[in-house]
Each structure stands twice: as C-alpha cells, then as structure tokens.
Amino acid sequence: MGHLDHAAFGWLTPVLSYVMACIGAALGLRCTVRALGATGRSRRNWLLTAASAIGTGIWTMHFVAMLGFSVSGTEIRYNVPLTILSLLVAMVVVGAGVFAVGYGRDRGRALVLGGLTTGLGVASMHYLGMAALRLHGAVRYDPVLVGFSVVIAVVAATAALWAALNIRSPVAVAVASLVMGGAVSSMHYTGMMAVSVHVSPSGEALPGATAMQFIFPLAVGLGSYLFLTSAFVALSPTAREREASASAQRPVESVAR
C-alpha cells in the first residue's frame with residue numbers, strides 16, 4: 001500500500017484551499033442576497049453569478065488541496081476531460097440548488113431541496129475529480145467515510161443557503177462564509193481520509209497531465225475570476241443604494257421644474 005501525503009507542501013495547500021472556499025462562499029452568498037432583492041432578468045443574472053462563484057470556489061478548493069496530494073511509489077496524473085467535467089458538474093448542480101432557493105415560493109421546501117441538490121453536487125464534484133486521478137495502482141474508498149463526507153456536504157450546503165435566505169449583514173455573511181469554507185474543507189479531507197491506494201510499480205508512462213501542467217494554471221485562472229468578480233460585486237450598488245439614489249434625485253428634479 002502506498003503512503004498518502006495530503007500536505008506535501010506543508011500548510012500551504014490546506015490554508016490556500018480554505019481561503020478559496022471562503023471566497024467562493026462569500027461571493028456566492030452575497031450574489032444570492034442580491035438576487036433575492038431583485039426581479040426579472042437581474043435576479044436570474046445574480047443567481048447565475050452565485051452558482052458560478054460557489055461552484056468555482058469549491059472546485060478550486062478541491063484541486064488546490066490536491067496540489068499537496070502525493071502517493072509514495074507512483075506519480076500522479078489527471079484525466080483532463082474528467083477534471084473539466086467535474087468543474088461543470090459543480091456549477092450546474094450548485095446552480096440548480098441556488099435557483100431552487102431563488103425562485104422557490106415555499107422557503108422551507110426550497111431550502112431542503114436546494115441544500116440536498118447543492119450538497120450532492122459538491123460531493124459529485126469531489127469524487128468525479130478523484131476519478132480523474134491516474135496512477136500506478138488501484139484506488140479504494142472506505143464507504144463509511146465516503147457517506148460521512150456526503151452528509152457533511154449536504155449539511156454545509158443547506159446551512160449556506162439558509163444563511164443566504166436569512167442573513168443580510170455583510171459581517172454576518174463573512175462569518176457564514178468562514179463556516180462554509182471550513183465545512184467544505186472538512187468534506188474534502190474527510191473524503192480524502194477514505195482513500196487508500198494499492199500501488200503497482202510500473203515503468204509505463206501514465207496518461208494525462210501533471211498537476212503543474214494543468215491543475216495549477218486552471219486553479220490560478222479560476223482564482224483570478226473569483227477575485228475580479230468579488231471586486232465587481234463589492235462595487236455594484238445594492239437595491240437599497242439604488243433606491244436611495246433615486247429618492248435623492250427626485251427632489252432635485254422637482255426643483256428644476
């Protein structure tokens with residue numbers, strides 16, 4: 001059995017992955033809050049941004065953490081199509097959960113449906129990303145820990161969506177994002193603790209791309225997307241600010257007449 005190292009670079013990858021999960025969660029929650037205060041096309045656009053932010057944050061968290069993953073006795077490669085598919089699955093399934101909350105008339109039912117859908121999407125992304133691993137050996141999972149990781153994902157997603165429905169204060173959203181980031185990281189490392197690898201030494205070249213060839217550049221690109229989108233959301237006026245601006249302009253227009 002190969003020795004698994006989940007932090008080959010020390011605390012760098014666990015901390016950085018947690019930060020990315022928190023940024024994605026914070027951006028997703030703020031966009032969902034904006035969506036609930038909007039209507040029509042504006043609501044749809046905010047929800048799409050929320051889904052892409054949460055999905056991107058979770059995916060980036062997973063693969064930044066995977067940069068620190070190594071197995072003694074074998075190299076590791078990643079199947080590129082499966083890795084990209086895991087990103088698309090994260091966005092699509094998280095989007096389904098976010099839209100369920102954004103358009104659901106029964107908040108309680110929408111929360112349960114959205115939390116379950118989003119949580120299963122997070123878990124699907126994780127294990128689909130793990131299926132993209134290519135190494136000399138066989139990967140096995142502890143079913144109990146796998147089930148526990150899925151439960152953590154569903155609970156974390158439900159808590160995050162509850163926060164989006166009930167929290168408006170930026171400070172409270174920041175705290176909720178830290179909690180969600182911790183929950184997503186916990187889900188990842190619980191899932192990784194379920195992994196065992198039986199190495200079969202071989203001199204054959206592994207198919208796929210190395211983490212530095214593919215995962216690292218893509219993670220940097222998606223991380224940049226999160227930072228830029230965060231800046232855009234921070235600078236965009238809220239519905240209350242737009243109403244205040246419109247109210248301030250009405251007296252000026254009346255005087256001009």
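- Nearest heavy atom pair, residue Tyr78 against residue Ala211, reads CE1-CB, 3.9 Å.
- Residues Met187 and Ala153 come closest through the heavy atom pair CG-CB, 3.8 Å.
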Next on the checklist: Pair Trp46, Thr32 - check side chain to side chain contact (heavy atoms under 4.5 Å, CB included), show working.
Outcome noted: CA-CA 7 Å; Trp46 279 119; Thr32 305; over 6 Å; no
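- By the criterion of side-chain heavy atoms lying less than 4.5 angstrom apart, applied directly or through intervening Ile, Leu, Val, Met, Phe, Trp or Tyr residues, Val155 is not grouped with Leu113; the two fall into different hydrophobic clusters.
- Val64 has its side chain out of reach of Tyr18: every pair of non-hydrogen atoms, C-beta onward, lies at least 4.5 Å apart.
- Between Ala50 and Val98, the closest heavy-atom pair is CB-CG1, 4.2 Å.
- Taking 4.5 Å as the limit, some side-chain heavy atom of Tyr189 sits within range of a side-chain heavy atom of Ser17.
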Next on the checklist: Would Leu16 and Leu67 count as a side chain to side chain contact (heavy atoms under 4.5 Å, CB included) here? Give the steps.
Outcome noted: CA-CA 11 Å; Leu16 186 57; Leu67 291 174; over 6 Å; no
Checklist entry - side chain to side chain contact (heavy atoms under 4.5 Å, CB included) between Arg134 and Leu82: does it pass, once the steps are laid out? => result CA-CA 11 Å; Arg134 296 293 179 265; Leu82 268 181; 3.9 Å; yes
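- One finds the OG atom of Ser186 at 12.5 Å from the CE atom of Met180 (value rounded to the nearest 0.5 Å).
- The hydrophobic cluster containing Val92 does not contain Ile58, counting ILVMFWY residues as joined when their side-chain heavy atoms lie under 4.5 angstrom apart, directly or transitively.
- Within the 4.5 Å cutoff, no side-chain heavy atoms of Thr158 are placed close to those of Val112.
- Between atom CG of residue Asn79 and atom CG of residue Leu206 there is a gap of 12.0 Å, rounded to the nearest 0.5 Å.
- Atom CE of Met20 and atom CE of Met61 lie 11.0 Å apart (nearest 0.5 Å).
- Looking at heavy atoms from C-beta onward, Tyr103 lies in side-chain contact with Arg44 at the 4.5 angstrom threshold.
- The shortest non-hydrogen separation linking Val89 to Ser124 is CG1-CB, 4.1 Å.
- Using a 4.5 Å heavy-atom cutoff, the side chains of Met91 and Met125 are not in contact.
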Checklist entry - Checking side chain to side chain contact (heavy atoms under 4.5 Å, CB included) for the pair Glu75/Thr210: CA distance, chi angles, key distance, verdict? => result CA-CA 9 Å; Glu75 296 180 339; Thr210 66; over 6 Å; no
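- Put simply, CZ on Phe69 and CE on Met130 are 5.0 Å apart, with the number rounded to the nearest 0.5 Å.
- Taking 4.5 Å as the limit, every side-chain heavy atom of Thr60 sits out of range of all side-chain heavy atoms of Ile23.
- A distance-only check finds no donor-acceptor pair linking the side chain of Ser86 to the backbone of Leu128 [under 3.5 Å].
- Considering only heavy atoms from C-beta on, Trp59 comes within 4.5 Å of Thr83 through its side chain.
- Under the 4.5 Å side-chain heavy-atom criterion for grouping Ile, Leu, Val, Met, Phe, Trp and Tyr, Leu145 is not connected to Val197 through any hydrophobic cluster.
- Ile76 contributes atom CD1, which lies 6.5 Å from atom CE of Met66 (distance to the nearest 0.5 angstrom).
- With contacts defined as side-chain heavy-atom distances shorter than 4.5 Å, the pair Thr117/Phe99 does not qualify.
- Counting heavy-atom neighbours within 6.0 Å of Met193 CE, excluding the residue itself, gives a total of 12 or less.
- The hydrophobic cluster containing Leu218 does not contain Leu228, counting ILVMFWY residues as joined when their side-chain heavy atoms lie under 4.5 angstrom apart, directly or transitively.
- Residues Tyr127 and Val93 are members of separate hydrophobic clusters, defined by side-chain heavy-atom contacts under 4.5 angstrom among Ile, Leu, Val, Met, Phe, Trp and Tyr.
- Considering CG of Leu135 and OG of Ser70, their distance stands at 11.5 Å, rounded to 0.5 Å.
- The heavy-atom pair separating Ala110 from Ala100 by the smallest distance is CB-O, 3.3 Å.
- A donor-acceptor pair under 3.5 Å links the side-chain atoms of His136 to the main chain of Glu204, judged by distance alone.
- Enclosure of atom OH in Tyr225 by more than 12 non-hydrogen atoms of other residues, nucleotides or ligands within 6.0 angstrom is indicated.
- Residues forming a side chain to side chain donor-acceptor pair (under 3.5 Å) with Ser177 (at least two apart in sequence, or on another chain): none.
- Counting non-hydrogen atoms of other residues, nucleotides and ligands closer than 6.0 Å to CZ of Phe216 gives a total of 12 or fewer.
- Scanning all heavy atoms of the two residues, the minimum distance from Val154 to Leu120 falls at CG2-N, 4.2 Å.
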